[in-house]
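Worth knowing before you read on, the calculation uses all heavy atoms, side chains too, and leaves out hydrogens, waters and symmetry mates. Remember, it's a predicted structure, so these values are computed and weren't measured experimentally. Convention: sequence-line order gives letters A, B, ...; per-chain numbering from 1.
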2 protein chains.
Amino acid sequence: MTRAPYLRLPKPRPGAQDAHESLPAFVAERLREAILAGTIPPGALLRQEDVAGRLGVSRPPVREALKQLETEGLAQYRPRRGYVVAALDPADIAEIFEIRALFEERIGQAAALHRTEEDLVALDAEILAMEALPAGTPEGGRAFGLHNRRFHDRIRAASGMRVMGELLGVLANRVERYIRLGGRLANSREQVNREHRDILAALRDGDGQRLGLLLRLHVHDAGARLLRSLKER
Amino acid sequence: MTRAPYLRLPKPRPGAQDAHESLPAFVAERLREAILAGTIPPGALLRQEDVAGRLGVSRPPVREALKQLETEGLAQYRPRRGYVVAALDPADIAEIFEIRALFEERIGQAAALHRTEEDLVALDAEILAMEALPAGTPEGGRAFGLHNRRFHDRIRAASGMRVMGELLGVLANRVERYIRLGGRLANSREQVNREHRDILAALRDGDGQRLGLLLRLHVHDAGARLLRSLKER
DNA sequence: GTCCAGCATTTTGAATTCAATTTTGCCATG
DNA sequence: CATGGCAAAATTGAATTCAAAATGCTGGAC
């Protein structure tokens, strides 16, 4: 067999930031994206050779990436049998939204104490961006989701709750696939915008109790809508 | 160089259960234990060659194990620099105990609805075992910790909250090192036993509100004691 | 005496290679 | 025709090998 050249990541420019820090991280990101988008359906086998060939790397980094996806809950490992894309029990989905609601309530209470003027300005900008988006288009939906995520990320950052933030990130990944699958769960975008306005007002007032309550209900509603949407299939 | 023999795990007997399912899992477990016991202090570099040599394996499985410990929050990775044992911010410790309190409250509410007669019997047995343990000895302390863990695990299992259980396992690992370091945080073992009795009574009555409250305070107290103990250094 | 530069060594990153298990397809048998 | 077993192929598991980057050390210059 011919000696294949020593393949490496494209050398990043000194200041370049988009290059990945390691091949496993690169592989994990691509796989994660494919799983969340539904390109690789739940239950599918993740053959190491396949993945490696598709991404132009060898198997060892793929193994490391799969190991990481396993601890993230996106893949399941069976010894000597390989990795499969994890399926999620509806009960687990409901529980994840419960956890998110619990965390968001606590985050709201903390954020009301620590928010800065810059936080308020940034959050206002996100709301304005969401209100300005067109209603029916797919790109509009994607952009809305992005701003929505940034809105909640900002509140979370202001709260200083780092561990909760980390866990929320992992949990969000686990349910993201079903959110995309569940179609427009933001059927009442106007209501979401109203709730965001209320949330911002409570944050400005420093009313932690009210903010926590609003956030909890906000997340709870989203979860209830998703579960209802999934049940209809 | 002489060709080293192809090293493998000791072949498990057909029915043997103690053998590990894979080398990475084996390495991860040994490393985790060493980190939690404090044998490897926070900030220490985890040299792949060292670890591999010490455990009699090669580097690839060590890399996979380190990747897993990273996502568990026990190790930190810096590209091209290697892995170091993660240090925990006191603020993170406090937050982890807050999360545990949050989860335990919710778990209590659910457990009160779903507990079976067998659960009550098993929990009673654990309490009796804890009450029968001698006070001052180190073995007594370890045994107490074990039964205490089983006590709470049983309630958690009865609640049916799988995701919370999974997350609690990871979080418990992260703070375990500091619990062992903090010495006898169970200085008031009698009080813990009393609280366990109250918890069991509320569970038997099916009083979810009260059970949740008791569990929340139970965990909160443990966290407060640990933080106080750590601050005294 | 101190600081900086260049080289050697160490350590990580990733690919190839080899062994063992599992799975699959085929053939024989009931 | 169905089922069980056997053999071959495919796939995972793990070690070795080779390349690149980071670290440390030494020597020289200021």
Taking 4.0 Å as the cut-off, does a side-chain nitrogen or oxygen of B:Q48 come that near to OP1 or OP2 on C:dG13? yes

Going by the rule side chain to side chain contact (heavy atoms under 4.5 Å, CB included), which residues pair with B:P79 if we only count those two or more places apart in sequence or in a different chain? A:E21, B:Y77

Tell me which pairs pass salt bridge (charged side-chain N to carboxylate O under 4.0 Å, His left out) where either residue lies in residues 157-172 of chain A, with sequence neighbours left out. A:R162-B:D89, A:R162-B:D92, A:E166-B:R174

Round to a whole Å and report the spacing from CD of A:E70 to P of D:dG13. 11 Å

Whole angstrom value for the distance that separates C1' of C:dT11 from OH of B:Y83: 14 Å

Which is true for B:P60 with a 4.0 Å heavy-atom rule: it touches a base, it touches only sugar-phosphate, or it touches nothing? base

Atom CZ of A:F26 to atom P of C:dG13: distance rounded to whole Å? 17 Å

Donor-acceptor pairs under 3.5 angstrom involving side-chain atoms of residues 36-60 of chain A: please list them, not counting sequence neighbours.
from, atom 1, to, atom 2, distance (Å)
A:Q48, OE1, A:R59, NH1, 2.9

Only counting residues at least two apart or in another chain, list the ones meeting side-chain hydrogen bond (donor to acceptor under 3.5 Å, both in side chains) with A:R106. B:E98

Results of side-chain hydrogen bond (donor to acceptor under 3.5 Å, both in side chains) for B:R63 - residues two or more places apart only: A:E64

Counting any heavy atom closer than 4.0 Å, what does A:Y77 reach on the DNA or RNA strands: base, sugar-phosphate only, or nothing? sugar-phosphate

Residue A:S58, side-chain heavy atoms: nucleotide from D:dG13, C:dA14, C:dG13 that is nearest: C:dA14

Atom CG of B:L45 to atom C1' of C:dT10: distance rounded to whole Å? 12 Å

Table of protein N/O atoms under 3.5 Å from nucleotides 6-9 of chain D N/O atoms:
none

Let me know the distance between NZ of B:K67 and P of C:dA14, rounded to the nearest Å. 9 Å

Whole-Å distance separating the CD atom of B:E49 from the C1' atom of C:dT9: 14 Å

Exam field: side chain B:N173 to backbone B:V170, donor-acceptor pair closer than 3.5 Å: no

In whole angstrom, give the distance that lies between atom CG of A:L23 and atom C1' of C:dT12. 13 Å

By side-chain hydrogen bond (donor to acceptor under 3.5 Å, both in side chains) - contacts of B:Q76 (at least two apart): none

For B:Q109, which residues count as a side-chain hydrogen bond (donor to acceptor under 3.5 Å, both in side chains) partner, sequence neighbours excluded? none

Under 3.5 Å between N/O atoms: give me all the protein pairs with nucleotides 22-24 of chain C, atom names plus distance.
from, atom 1, to, atom 2, distance (Å)
C:dT23, OP1, A:R81, NE, 2.2
C:dT23, OP1, A:R81, NH2, 3.3

Considering only heavy side-chain atoms of A:R59, the closest of C:dA14, D:dA14, C:dT12 is D:dA14

Give a yes or no on whether a salt bridge exists between A:R150 and A:D153, defined as a side-chain N under 4.0 angstrom from a carboxylate O. no

Whole-Å distance between C:dA14 C1' and B:E64 CD? 13 Å

